[in-house]
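Side chains are part of it too, since the values below use all heavy atoms of this structure and drop only hydrogens, waters and symmetry mates.
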Amino acid sequence: MRKTIFFALTFVLYGTLYGYNALHKGTVIDAAYNVQDSLVAGKSGGFQAFLNRATNFVKDDWIPLGNPETNKFDFGRIQTFPTYNSIEGVRLRAGLASNSRFSPHFFLKGYAAYGFKDQKLKYHGEAIYAFDKRVYHEEEYPKNNLSVVYESDLYSPGEMHPRSPNNLLLITYRRSENAATYRNFAEVNYEKEYNNGLAHTVWLRRARLVPQGDLRFESQAGGTVLADDALHTTEAGLLFRYSFREAFVQHKRLKKPIEMGSPVFFLSHTFGNYDFFGEMKPWHRSEFSVQKRFFLGTAGRLDAVGEVMKIWNKVPFPLLAYPNQRQRHNIENNAFFLNHALEFMADEQYTIRTTFVGDYLLLAKIPAIDRLQVRELISLRASYGRLGKKNDPATTPDLYNFPATSYKYGPVPYVEGAVGLTNLLGLLRVEYVHRFTYRDHPDALLGKIRVDVTL
């Protein structure tokens, strides 16, 4: 229910900022309040109108600083302003991003965040040069951008993709209390999108991971335990993305897909080295994934994402593959929920995530529920992997010892599923999540009611 706190704070922020922005005609908030919202307000009263406008406000994610007709900077992201996780406690974050009025080619953005539990300041800064003139912001299609990034923030190897910035909605680090690190990285990347559905990104990065809490980077050498205070990595990588047919609506700072029936493919390779007690060692990581939405007549839709990851060298456990590491997709199936962040160790891993949402199935045939647009939801997620002897500290020296809560996959995949309701009040998803396999692991979470926000 901590996410309820987030929305309460967001609505308070909304009310405060709306009072200010109402002085300026034509704000993003006013633009979001369209004819459909007016009709709903007429039918459902003031609260529904407020809820719709507040939800649209959160979806817009950024608000102009000053007169929206002349401002050069926006404030955001609204969706990550107040959050909560077990490591930082209450986390407050504020960010700025320039727009084309500052420069149609050169853009600046960044944020500062503070966790009241760990009492640490985090920050992110980015400078982007857009080779093509932009109408409002640097993310407009098609991108042709060169970026320089620096970030110092919390990072969980088991719950985030290695290249993910700490920029997702309501990051909660559900099972990472003793499986997270503080990460500093500097990166230069170039991203290019083409009108034929192809896109590619190339990057260079230098990163430093510092374990937090009870997590340790320790290696056994004979009878001696060696402790490493940080893991340093240097890497270069290339990512290709391809879609046969793609359509979307470009909003002010948001690109909303409207054609999701075509498959989208991702292929990437990362290579570099890591510093293991002063010795530089190589590592390579390859990934392939595909997403697809299947329309099942009037019954509903099925979203599916499949992924394969392969680590080719001997690496310490923070560089291995985990079920929740994934590239960002338009079809966003929720992460594995009941496993510990570093519970399953693998250097070769396969995952599949499927979610079915009803359209005209059962609930839609009940008039009172149909008017609220509440729909059924069923999901199933599975992950399986292998760990070679070269990456098992029990058989190979010169590796960090695994955390006490980590295991190798057995003969069966890890499987969990959920049943629930989505689109409650237009933004809530309530489901019961059940763990089907590896239920004998100590402290295994076997099932739980989950409340999520689906904007």
Nearest heavy-atom pair of L320 and Q325: which atoms, and what distance?
O-OE1, 3.4 Å
Is the shortest side-chain N to carboxylate O distance from R435 to E343 below 4.0 Å?
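The answer is yes: the pair qualifies as a salt bridge.
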Any salt bridge linking R93 with E88? Criterion: basic side-chain nitrogen under 4.0 Å from a carboxylate oxygen.
no
Are [Y] and [X] an aromatic pair, judged by ring center distance below 6.0 Å?
| X | Y | answer |
| --- | --- | --- |
| F102 | F107 | no |
| Y400 | F217 | yes |
| Y438 | F436 | no |

Nearest-0.5 Å distance, [atom1] of residue [X] to [atom2] of residue [Y]:
| X | Y | atom1 | atom2 | result |
| --- | --- | --- | --- | --- |
| Y150 | R206 | OH | CZ | 11.5 Å |
| K389 | T395 | NZ | OG1 | 7.0 Å |
| H105 | N144 | NE2 | CG | 11.0 Å |
| E151 | D153 | CD | CG | 5.0 Å |
| L399 | Q220 | CG | CD | 12.0 Å |
| D303 | R293 | CG | CZ | 4.0 Å |

Report the C-alpha distance between E191 and W203 in whole Å, list the side-chain angles of each, state the deciding distance to 0.1 Å, and finish with yes or no for side-chain hydrogen bond (donor to acceptor under 3.5 Å, both in side chains).
CA-CA 9 Å; E191 185 173 5; W203 69 88; over 6 Å; no
Quick one: does any side-chain atom of [X] pair with a main-chain N or O of [Y] as donor and acceptor, under 3.5 Å?
| X | Y | answer |
| --- | --- | --- |
| Q349 | Y322 | yes |
| S98 | L108 | yes |
| T351 | S383 | no |
| K310 | R285 | no |
| E140 | H137 | yes |

Would you call the rings of [X] and [Y] parallel, tilted or perpendicular, where under 30° means parallel and over 60° means perpendicular?
| X | Y | answer |
| --- | --- | --- |
| H434 | Y432 | tilted |
| H441 | F344 | tilted |
| F240 | H200 | perpendicular |
| F336 | Y414 | tilted |

Are K281 and W283 in a cation-pi contact, defined as NZ or CZ under 6.0 Å from the six-membered ring centre and within 45° of the axis?
no
Geometric cation-pi criterion K109 and Y111, 6.0 Å radius, 45° cone:
no
Got more than 12 heavy atoms from elsewhere within 6.0 Å of [atom1], [X]?
| X | atom1 | answer |
| --- | --- | --- |
| Y129 | OH | yes |
| N196 | CG | yes |
| F244 | CZ | no |

Check whether any side-chain heavy atom of Y114 sits under 4.5 Å from a side-chain heavy atom of L92, and report yes or no.
no
With E416, which of K448, R353, R439, R381 fulfils salt bridge (charged side-chain N to carboxylate O under 4.0 Å, His left out)?
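Single pass found, and it is R381.
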Assess whether side-chain hydrogen bond (donor to acceptor under 3.5 Å, both in side chains) is satisfied between Y274 and N313, documenting all intermediate values.
CA-CA 11 Å; Y274 62 92; N313 307 85; over 6 Å; no
Start with the C-alpha distance between R163 and E187, add both sets of side-chain angles, then the distance that settles salt bridge (Lys or Arg N to Asp or Glu O under 4.0 Å), and finish with yes or no.
CA-CA 10 Å; R163 287 205 68 242; E187 176 178 300; 2.4 Å; yes
